[in-house]
Amino acid sequence: MNRSFIARNPSVLIFIVILALFTLGVTVLSEAFGTGFLSTSFVKTLGKTLCLCLVAVAMDLVWGYCGILSLGHFAFFGLGGYMIGMWLMYERTRDIVVGSLAEAPIPPTEQEIVDGIGTQIFGVVGSNEFPVIWAFSDSLLIQLLLVVLVPGLLALVFGWLAFRSRVAGVYLSILTQAMTLALALYLFQNDSGLRGNNGLSGLQNLPGLGGVPQSVVSMWFLWGSAAALGLGYFLSAWVVSGKFGSVVRGIRDNEARVRFLGYSVETYKLVVFTLTACIAGIAGALYYPQAGIINPAEIAPIASIYLAVWVAIGGRGRLYGAVIGAAFVSLVSSWFTGGRAPDIPLGFYTIKWVDWWLVLLGLSFVLVTLFAPRGIGGLVDLWTDRRHPDRHGADLGPDKGSLREREADE
Amino acid sequence: MSTLLEVSGVSVNFDGFQAINNLSFQIGSAEMRAIIGPNGAGKTTFMDIVTGKTRPDEGRIIFGEKSKSLIGMNEARIAREGIGRKFQKPTVFEDQTVQENLLLSLKNQRGPLAVLFYKPTEADLAKVSSLADDIGLGKELLRKSGELSHGQKQWLEIGMLLAQEPRLLLVDEPAAGMTPEEREHTTDILVEAAKTRAVVVVEHDMEFVRRLNCRVTVLHEGSVLAEGSLDHVTADQNVIDVYLGR
Ligand SMILES: Nc1ncnc2c1ncn2[C@@H]1O[C@H](COP(=O)(O)OP(=O)(O)O)[C@@H](O)[C@H]1O
Ligand SMILES: [Mg+2]
């Protein structure tokens with residue numbers, strides 16, 4: 001019981017080692033620092049995938065461990081992206097405006113520069129005024145803080161309202177969907193202050209570093225994303241390993257019992273919900289500079305549902321399952337939808353994967369849920385020789401989110 | 001002996017159905033009490049009210065020397081005041097080991113921060129293993145509690161309650177589904193526990209109640225029908241009519 005955290009959780013060490021080897025491998029094969037076998041755009045895909053793995057770890061924490069099926073965590077992911085995107089876009093535009101005004105005979109005043117930036121950024125939505133929410137967009141430090149604070153605060157307020165009224169199960173899932181939908185619809189409006197459906201763009205260009213080629217920038221972000229995933233994984237594993245994890249898994253399987261033991265279930269749920277929202281925000285802040293653009297479609301309700309599907313396919317209630325699920329499904333998805341998968345001509349009909357991929361994904365989700373509830377991560381059990389308990393089909397607790405017989409081990 | 005819990009004039013109405021009707025009840029600080037009564041008499045609802053799961057429509061519930069009112073407190077708060085509860089069905093955390101179940105219940109700080117940085121001390125671990133011995137699970141500490149037999153789960157749940165060090169223990173039908181030997185062991189655990197705290201046991205089985213050797217309260221249609229020794233209440237004509245005589 002008192003052995004060190006790593007000794008008790010060897011999978012954390014294994015994960016970190018694999019992640020480090022992966023990062024090293026990509027570096028060696030990259031255009032910027034290695035043989036150039038991997039294209040810069042593929043390096044970006046890999047870097048983005050690491051961010052998706054991180055948000056999947058957060059999803060597993062809130063759903064797989066705490067039993068809260070949140071279908072709104074992509075809202076937090078997107079907000080993180082918007083927060084860093086504001087700084088990137090402001091400073092980048094400032095570089096351009098200062099550059100173009102430098103030719104003018106009289107040096108521009110500070111006000112002229114700011115007005116120029118405003119016209120550049122908000123011209124597309126018929127405005128040139130900076131909305132209030134851009135007040136700190138010239139400060140990297142503040143916008144970095146907002147990456148964590150804005151999603152965290154939204155989660156705190158939303159969670160406080162929902163958990164305090166004991167909203168749980170399907171109703172909570174629906175409420176989180178409503179939250180992300182409402183946020184997306186709000187951001188779609190031109191006067192939301194975040195450029196409506198244009199979103200924020202040009203995020204791949206780092207202000208002041210215009211001379212650095214994208215091949216190098218992409219590697220910086222890959223390293224950053226790998227470090228964030230490693231830290232996030234470690235933190236999550238530590239949080240769920242001790243007594244806190246015990247309480248949280250207790251809440252997943254039998255909330256009432258935890259309550260009668262004297263734990264404030266609502267507070268614990270709120271802590272986990274908010275913590276995972278902050279992790280999602282960080283993942284989003286690393287993702288969108290690699291994607292180059294963020295718009296409100298990113299936080300459409302379906303995105304958060306995909307997140308749950310990844311975790312389910314990877315195997316919930318085990319952090320590496322979430323990582324495997326997110327990496328596998330998102331990479332396979334970009335292969336199918338990127339038009340690289342060969343079409344299958346059936347004579348009377350040709351299966352085009354761009355259209356049929358979603359059907360395939362939906363089908364795999366149903367099959368995994370029905371026949372392999374431990375997901376891809378469950379394959380690890382074949383090797384470590386873990387077995388299911390025989391409970392004649394009974395779940396491990398009375399609550400909706402509780403572990404099912406075939407997800408548990410003896 | 002001082003009064004630990006005083007329930008007076010409590011009523012609960014579920015959509016027109018009077019489940020508890022002007023019920024009054026008292027128990028001392030180191031007393032065993034059995035509650036009997038036909039199905040639907042309101043025994044479980046009574047426990048729901050005391051533990052904060054159900055809010056009474058009227059009446060008072062006073063607990064402890066400081067005479068705190070429990071009405072309006074939530075379940076977790078009431079549990080922290082020192083009231084432990086065992087459910088009718090055994091409810092333990094089946095995906096966790098016996099040791100984890102007991103550590104979770106052990107009287108300690110309950111806030112998220114304290115729990116996050118909690119490391120079991122030697123004393124805590126010793127307490128857990130001696131508790132496990134008391135409830136006959138000393139050898140099962142590292143087994144998942146979902147693998148235990150029905151009777152063992154019932155004991156584990158009682159062990160979890162004792163780990164909380166409550167001043168009042170509410171136990172709902174502990175002997176249901178147990179073998180005769182298991183029942184005997186359960187009686188021993190409860191009698192031992194009642195030496196230092198108040199214990200309220202709801203039970204159907206008369207033999208079991210007789211072995212507890214304590215005062216008995218008979219509930220019927222949400223209020224107290226009779227109270228006294230087992231021989232006294234079983235001789236009561238009202239009790240015979242509504243319950244024993246069926
Ligand atoms: N939440 C509830 N809503 C409606 N009726 C209830 C509720 N809880 C209990 N009852 C009713 O109150 C009566 C007393 O139930 P209970 O306290 O469980 O009896 P028992 O003495 O068998 O434990 C029963 O008729 C039951 O149907
Ligand atoms: Mg009952």
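Every chain is numbered from 1, with letters handed out A, B, ... down the list of sequences.
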Begin with the C-alpha distance, continue with both residues' side-chain angles, and end with the deciding distance and a verdict on side-chain contact (heavy atoms from CB on, under 4.5 Å) for A:Asp253 and B:Glu94. CA-CA 8 Å; A:Asp253 292 337; B:Glu94 310 218 343; over 6 Å; no

Nearest 0.5 Å, please: how far is CZ in A:Phe260 from CG in B:Leu161? 11.5 Å

Contacting moiety of A:Val248, where chain B heavy atoms sit under 4.5 Å: neither

Full working for side-chain contact (heavy atoms from CB on, under 4.5 Å) between B:Val115 and A:Tyr268: CA-CA 10 Å; B:Val115 167; A:Tyr268 278 82; 3.0 Å; yes

Identify which of B:Lys107, B:Gln96, B:Arg77 forms the greatest number of heavy-atom pairs closer than 4.5 Å to chain A. B:Gln96

For a quick test of your reading: what N or O donor-acceptor pairs under 3.5 Å do the side chains of residues 228-245 of chain A make, sequence neighbours left out?
| residue | atom | partner | partner atom | Å |
| --- | --- | --- | --- | --- |
| A:Tyr233 | OH | A:Tyr320 | N | 3.3 |
| A:Ser236 | OG | A:Gly232 | O | 2.7 |
| A:Ser241 | OG | A:Trp238 | O | 3.0 |

Which residues share a side-chain contact (heavy atoms from CB on, under 4.5 Å) with A:Arg259, sequence neighbours left out: A:Arg166, A:Glu255, A:Val265, A:Glu266, B:Glu75

Looking at B:Gln109, I want to see if its CD is surrounded by more than 12 non-hydrogen atoms of other residues, nucleotides or ligands under 6.0 Å. no

Answer key: most heavy-atom pairs under 4.5 Å with chain A among B:Gly111, B:Ala163, B:Pro166, B:Gly84 is B:Gly111

Using non-hydrogen atoms only, which part of A:Val247 is less than 4.5 Å away from chain B: side chain, backbone, both, or neither? both

Rounded to the nearest 0.5 Å, what separation is found between the CG atom of A:Leu275 and the CG atom of B:Leu116? 9.0 Å

Please state whether the side chain, the backbone, both or neither of B:Leu142 comes within less than 4.5 Å of a heavy atom of chain A. neither

Closest heavy-atom pair, A:Leu261 versus B:Ala79, reported as atoms and distance to 0.1 Å, is C-CB, 4.0 Å

Is it the side chain or the backbone of A:Leu403 that comes within 4.5 Å of chain B heavy atoms, both, or neither? side chain

Mind listing the closest non-hydrogen atom pair of A:Arg257 and B:Arg85 along with its distance? NH2-O, 2.7 Å

Over 12 non-hydrogen atoms of neighbours within 6.0 angstrom of CZ in B:Arg143: yes

Indicate yes or no for a side-chain donor-acceptor contact from B:Arg110 to the backbone of A:Tyr263 under 3.5 Å, with no hydrogens or angles considered. no

By a 4.5 Å heavy-atom criterion (distance strictly below it), what part of B:Asn108 contacts chain A: side chain, backbone, both, or neither? side chain

Given the options B:Gly146, B:Ala114, B:Ala76, B:Ser105, which has more heavy-atom pairs under 4.5 Å with chain A than any of the others? B:Ala76

Can you measure from OG (A:Ser402) to CG (B:Asp95) and round to the nearest 0.5 angstrom? 9.5 Å

When you measure from the side chain of A:Arg249 to the backbone of B:Phe93, do you find a donor-acceptor pair of N or O atoms at a distance under 3.5 Å? no

